[in-house]
Q: 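Questions regarding the structure given below will be posed in turn.
Chain identifiers are assigned alphabetically (A, B, ...) following the order of the sequence lines, protein sequences preceding nucleic acid strands; residue numbering begins at 1 within each chain.
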Amino acid sequence: MANPADTDRFEQQRQEKLSQIEAMGLDPYGARYEDVEPAALVKARYQDGDESQRARSAGRIVLLRDIGKLIFITLRDRTGTIQVGLSKGMLTDQWPLAKLLDIGDIIGAAGKLGKTKTGEITIWVEEGGLTFLSKCLFQPPEKFHGLADVDQRYRQRYVDLWANPEVLDRFQKRSEIVATIRRFLGSKGFVEVETPMMQAIAGGAAAKPFITHHNALDLDLYLRISPELFLKRLLVGGMERVFEINRNFRNEGLSRHHNPEFTMMELYQAYADYRVMMDITEEIVSACIETLGLSAKVQFGEAEIDFARPWRRAKYADLLKEYSGCNIDDIAAIRAKARVLQIDDAGMDDPVVVNEVFETTVEHKLIAPTFVIDYPAILCPLAKRSRTDPKYAERFELFVVGMELANAYTELNDPAVQYENFLHQLRGQDESLTKMDTDYVTALKYGMPPAGGLGIGIDRLVMVLTGATTIRDVILFPLLKPVAPENK
RNA sequence: GGGAGUGUAGCUCAGAAGGUAGAGCAACGCACUUUUAAUGCGUAGGUCCUGGGUUCGAAUCCCAGCACUCUCACCA
């Protein structure tokens with residue numbers, strides 16, 4: 001927006017056309033417009049040679065070719081585009097209105113459906129069939145290159161969506177992915193629930209929360225960092241299969257893989273364990289791939305991801321050995337490796353150093369979907385320990401293109417162990433966060449069925465399945481710094 | 001917070017070495033009844049991010065700032 005005066009120049013030209021439309025006795029912002037047929041359906045049902053066909057569509061003018069006494073318009077709606085033809089010969093009273101149309105305007109078009117001699121299916125508007133529905137007062141972005149300014153694309157997503165069709169397509173796919181997950185879980189008997197977004201204790205994960213305040217109760221509350229502890233209370237209550245798809249909020253940095261608010265699907269299934277969760281994860285992702293009509297091999301940037309089942313299941317310790325060369329029990333070697341990797345391990349507990357080395361040497365190497373299983377138990381205060389080797393917890397994280405996509409446990413349901421884990425977790429933490437969810441321990445004391453739990457990051461799943469390399473491309477309105485008033 | 005890059009017309013972008021700014025699209029005008037990013041001719045449109053500095057002269061070189069992008073760090 002370099003010069004406001006110039007913006008005004010273009011806007012005033014369009015404002016003038018708006019006035020002319022008003023002068024014709026028309027409302028430049030339209031009204032209810034019914035019996036609209038999506039562009040894609042119109043094109044699909046067209047029969048060659050049938051002269052009696054008619055059509056009625058509405059959408060935004062994205063291209064306009066004025067040949068004098070003939071105007072061709074490319075109209076875009078949510079399903080695609082269709083050509084609209086306006087001819088002086090067919091229109092009498094409405095021809096002046098046709099000549100006022102600008103790229104960006106929203107119109108309805110009704111008339112004969114036919115083909116031009118170049119083979120384009122076209123709605124030939126008849127007198128009275130042109131309906132002005134909304135004026136666009138701004139210059140649209142360049143018609144061929146679209147909107148490229150990254151900042152403006154996110155700030156003005158409403159322009160991005162119609163200037164760059166692949167953006168709309170990606171968000172439609174996101175909707176289909178979420179719908180597929182709901183359908184899949186519904187078919188398995190899972191019940192969808194909603195648990196608190198505002199929590200007095202931000203539990204279920206270890207991330208910095210956002211703080212808010214309830215005035216009437218004079219109560220500080222946290223935006224949730226995880227729904228986990230509430231969903232597991234529902235297991236206690238007898239909801240044996242529950243899930244929630246909703247936002248989590250974490251007050252941490254932004255990156256191409258992180259947005260402060262992100263969408264998580266969490267599910268809990270009584271009498272299952274983390275191995276069942278691995279199967280469900282594969283089934284959910286495979287169902288989404290099928291919905292989107294993808295093959296098992298999905299292109300992502302330079303990489304190709306092979307989702308053919310079964311996916312690799314590898315132990316944490318084995319992967320650590322494979323990629324860092326360190327034996328997980330050889331803490332001296334791991335600390336030496338950490339220093340080589342420029343990790344400052346001073347003051348870090350052994351398991352934390354191990355995990356640091358794991359994260360820097362292993363995670364980004366996991367391109368094909370890989371279940372990393374059996375984490376050091378100390379890192380997993382909400383997971384049940386392995387019966388065969390209690391140093392490890394029955395937990396997996398799923399990695400794809402180096403990105404954590406899912407996290408699952410065999411859920412810890414022993415209240416005494418849970419209490420101990422909470423105590424240990426709180427040690428040395430920030431004063432403001434040192435609150436234990438004792439009610440959760442109480443819930444466990446009533447008896448929680450053994451269960452498996454799974455969380456899938458929806459944004460990242462959409463990234464992987466739509467080839468988006470930054471999370472901002474799968475969130476309609478990602479967090480941005482507000483524009484300073486003087487830069488507006 | 002560190003590093004790198006970008007910032008030029010409404011949009012997409014050119015502007016080697018310092019000489020006062022260009023194209024395509026969009027807009028406006030004219031022509032055109034079968035176009036497909038329509039075409040042809042013409043017109044108009046700029047605080048070259050901001051502020052300093054060097055210079056006879058800065059979009060260009062230097063310094064500082066701002067915004068954005070990428071990247072590293074932080075991040076159970």
Q: In whole Å, measure the gap between the P atoms of B/G5 and B/A64 for me.
A: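 The answer is 14 Å between these two P atoms.
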
Q: So what's B/G1 paired with, Watson-Crick or G-U wobble, going by both distances under 3.5 Å?
A: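 Pairing partner, where one exists within any strand: B/C72.
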
Q: Across the strands shown, which category fits A/G89 at heavy-atom distances under 4.0 angstrom: base, sugar-phosphate, nothing?
A: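 The answer is base, as A/G89 lies within the cut-off (heavy atoms under 4.0 Å) of a base atom.
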
Q: For B/C75 and B/C61, measure between their C1' atoms and round to the nearest Å.
A: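 Between the two C1' atoms, the distance is 41 Å.
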
Q: Are there more than 12 heavy atoms of other residues, nucleotides or ligands under 6.0 Å from atom NZ of A/K99?
A: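 Result for NZ/A/K99: enclosed.
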
Q: If you pin A/T116 and A/G146 to their nearest nucleotides in RNA chain B, which one's is more 5'?
A: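 This one resolves to A/G146.
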
Q: Are more than 12 heavy atoms from other residues, nucleotides or ligands located less than 6.0 Å from atom CZ of A/R313?
A: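 Count over threshold, so yes.
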
Q: A/D437: what forms a side chain to side chain donor-acceptor pair (under 3.5 Å) with it, not counting sequence neighbours?
A: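 Expected list: A/R233.
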
Q: Is it the case that the base of B/U35 and the side chain of A/Q83 share a donor-acceptor contact (distance under 3.5 Å, atom types as modelled)?
A: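 In this structure, the two groups form a donor-acceptor pair.
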
Q: May I ask you to list the residues of residues 124-133 of chain A, by number, that have any heavy atom positioned under 4.0 Å from an atom of RNA chain B?
A: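 Correct list: A/W124.
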
Q: When we call it a touch if two heavy atoms are under 4.0 Å apart, what does A/K17 touch: a base, just sugar-phosphate, or nothing?
A: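 Sugar-phosphate contact only.
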
Q: Across all strands, who's sitting opposite B/A64 as a Watson-Crick or G-U wobble pair, both distances under 3.5 Å?
A: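 In the structure as shown, B/A64 has B/U50 as its Watson-Crick or wobble partner.
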
Q: Can I get a per-line list of side-chain donor-acceptor pairs under 3.5 Å for residues 197-207 of chain A, giving both atom names and the distance, sequence neighbours left out?
A:
residue : atom : partner : partner atom : Å
A/Q199  : NE2  : A/P196  : O            : 3.2
A/Q199  : NE2  : A/S226  : O            : 3.4

Q: For A/D102 and B/C11, what is the distance between atoms CG and P respectively, to the nearest whole Å?
A: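 Between P of B/C11 and CG of A/D102: 17 Å.
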
Q: Under 4.0 Å between a side-chain nitrogen and a carboxylate oxygen: does that hold for A/E322 and A/R312?
A: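 Salt bridge present between A/E322 and A/R312.
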
Q: Quick one: which of B/U33, B/A37, B/A76 gets closest to the side chain of A/K88?
A: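 Of the candidates, B/U33 comes closest.
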
Q: Partner lookup for B/C28, please. Criteria are Watson-Crick or G-U wobble with both distances under 3.5 angstrom; report none if nothing qualifies.
A: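 Across all strands, the one nucleotide that pairs with B/C28 is B/G42.
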
Q: Taking atom C1' in both B/C11 and B/U54, compute the distance separating them and give it to the nearest angstrom.
A: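 36 Å, rounded to whole Å.
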
Q: Establish, from distance only, whether the side-chain atoms of A/E11 and A/Q15 form a donor-acceptor pair under 3.5 Å.
A: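 On atom types as modelled, these side chains do not qualify, holding no pair under 3.5 Å.
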
Q: Going by the rule salt bridge (Lys or Arg N to Asp or Glu O under 4.0 Å), which residues pair with A/K232 if we only count those two or more places apart in sequence or in a different chain?
A: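 Scan of A/K232 (salt bridge (Lys or Arg N to Asp or Glu O under 4.0 Å), adjacent residues dropped) gives A/E228, A/E411.
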
Q: Who pairs with A/E252 by salt bridge (Lys or Arg N to Asp or Glu O under 4.0 Å), at least two apart in sequence or on another chain?
A: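 A/E252 satisfies salt bridge (Lys or Arg N to Asp or Glu O under 4.0 Å) with no residue once adjacent residues are dropped.
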
Q: Of the candidate nucleotides B/U35, B/A26, B/A76, which contains the atom at the shortest distance from the side chain of A/E120?
A: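 Looking only at side-chain atoms, A/E120 lies closest to B/U35.
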
Q: In whole Å, measure the gap between the P atoms of B/C49 and B/U35 for me.
A: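 Looking at atom P only, B/C49 and B/U35 are 43 Å apart.
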
Q: Report, one line per pair, each donor and acceptor closer than 3.5 Å where one atom sits in a side chain of residues 133-140 of chain A; sequence neighbours left out.
A:
residue : atom : partner : partner atom : Å
A/K135  : NZ   : A/D102  : OD2          : 2.8
A/K135  : NZ   : A/D105  : OD1          : 3.3
A/K135  : NZ   : A/D105  : OD2          : 3.0

Q: So, is A/R155 close to the B/C68 phosphate, meaning a side-chain N or O under 4.0 Å from OP1 or OP2?
A: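 So the side chain of A/R155 is within the cut-off, an N or O lying under 4.0 Å from OP1 or OP2 of B/C68.
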
Q: Considering residues at least two apart in sequence or located in another chain, which fulfil the side chain to side chain contact (heavy atoms under 4.5 Å, CB included) criterion with A/E127?
A: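 Partners of A/E127 under the side chain to side chain contact (heavy atoms under 4.5 Å, CB included) test: A/L91, A/T92, A/D93, A/Q94.
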
Q: Among all residues two or more places apart in sequence or in another chain, which pass the salt bridge (Lys or Arg N to Asp or Glu O under 4.0 Å) test with A/E261?
A: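 Listed in chain order: A/R247.
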
Q: Using a 4.0 Å heavy-atom cut-off, does A/G85 contact any base of the nucleic acid, only the sugar-phosphate backbone, or nothing at all?
A: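 Result for A/G85 = nothing.
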
Q: Please tabulate the protein-to-nucleotide N/O contacts below 3.5 Å involving nucleotides 22-25 of chain B, giving atom names and distances.
A:
residue : atom : partner : partner atom : Å
B/G24   : N2   : A/E142  : OE2          : 3.4
B/C25   : O3'  : A/K143  : NZ           : 3.1

Q: Which of these nucleotides, B/A37, B/A27, B/U69, is closest to any side-chain atom of A/F10?
A: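 The nucleotide sitting nearest to the side chain is B/A27.
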
Q: Go through the structure and list residues passing side chain to side chain contact (heavy atoms under 4.5 Å, CB included) with A/E404, not counting sequence neighbours.
A: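 If we apply the side chain to side chain contact (heavy atoms under 4.5 Å, CB included) test to A/E404, skipping adjacent residues, the hits are A/E397, A/F399, A/N407, A/R460.
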
Q: Looking at the side chain of A/R256, which of B/C68, B/C70, B/C11 is the nearest nucleotide?
A: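 Minimum distance to the A/R256 side chain belongs to B/C70.
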
Q: Can you check the A/R153 CZ to B/C70 P distance for me, whole Å?
A: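 Distance, rounded to whole Å: 11 Å.
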
Q: What's the gap between B/G45 and B/C13 when it is taken at their P atoms, as a whole Å value?
A: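 So the two P atoms sit 25 Å from each other.
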
Q: Closest nucleotide of RNA chain B for A/L254 versus for A/G119: which of these residues is on the 5' side?
A: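 Upstream on the strand: A/G119.
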
Q: Between atom CD in A/E252 and atom P in B/A76, what is the gap in whole Å?
A: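 In whole Å, B/A76 P and A/E252 CD are 6 Å from each other.
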
Q: Is the distance from OP1 or OP2 of B/A38 to the nearest side-chain N or O of A/R65 less than 4.0 Å?
A: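 Indeed, a polar side-chain atom of A/R65 lies that close.
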
Q: Is B/A73 syn or is it anti, if syn means the base angle is within 90 degrees of 0?
A: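 This nucleotide is in anti.
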
Q: Counting only Watson-Crick pairs (N1-N3 plus N6-O4 or O6-N4) and G-U wobbles (N1-O2, O6-N3), all under 3.5 Å, who is the partner of B/G57?
A: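 By the stated definition (distances under 3.5 Å), nothing pairs with B/G57.
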
Q: Tell me the interatomic distance from A/L147, atom CG, to B/C13, atom C1', rounded to whole angstroms.
A: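 Going from A/L147 (CG) to B/C13 (C1'), I get 14 Å.
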
Q: Could you write out each protein N or O paired with an N or O of nucleotides 29-32 of chain B at a distance under 3.5 Å?
A:
residue : atom : partner : partner atom : Å
B/C32   : N4   : A/G68   : N            : 3.3

Q: For B/G22, give the paired nucleotide (Watson-Crick: N1-N3 plus N6-O4 or O6-N4; G-U: N1-O2 and O6-N3; both under 3.5 Å), or none.
A: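 WC or wobble partner is B/C13.
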
Q: Going by the rule salt bridge (Lys or Arg N to Asp or Glu O under 4.0 Å), which residues pair with A/R157 if we only count those two or more places apart in sequence or in a different chain?
A: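 For A/R157 the salt bridge (Lys or Arg N to Asp or Glu O under 4.0 Å) partners, ignoring immediate neighbours, are A/D160.
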
Q: Grab the CG-P distance between A/D151 and B/G5 for me, whole Å please.
A: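 Distance, rounded to whole Å: 20 Å.
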
Q: Using atom P in both nucleotides, what's the gap between B/G10 and B/C48 to the nearest angstrom?
A: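 The same atom, P, in both gives a distance of 12 Å.
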
Q: Is the closest basic N to carboxylate O distance between A/D414 and A/R385 below 4.0 Å?
A: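 The answer is no: the pair does not qualify as a salt bridge.
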
Q: Can you tell me, in whole Å, how much space there is between the C1' of B/A31 and that of B/A21?
A: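 Here B/A31 and B/A21 have their C1' atoms 31 Å from each other.
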
Q: Take atom CD1 of A/I73 and atom P of B/A37, then tell me their distance rounded to the nearest Å.
A: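 To the nearest whole Å, that distance equals 16 Å.
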
Q: Quick check for you: among B/A26, B/U33, B/C11, whose closest atom lies nearest to any side-chain atom of A/P141?
A: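 Of all the options, the side chain of A/P141 is nearest to B/C11.
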
Q: Using atom P of each nucleotide, how far apart are B/C25 and B/G40 to the nearest Å?
A: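 Comparing P positions in B/C25 and B/G40 gives a spacing of 8 Å.
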
Q: Quickly work out the A/D149 CG to B/C49 P distance and round it to whole Å.
A: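 It is 14 Å, rounded to the nearest whole Å.
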
Q: Is it true that atom CD of A/Q47 has more than 12 heavy atoms of other residues, nucleotides or ligands lying nearer than 6.0 Å?
A: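 Counting neighbours around CD of A/Q47, 12 or fewer heavy atoms of other residues, nucleotides or ligands fall under 6.0 Å, so no.
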
Q: Send over the distance from A/E363 CD to B/C75 P, rounded to a whole Å.
A: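 A/E363 atom CD is separated from B/C75 atom P by 14 Å.
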
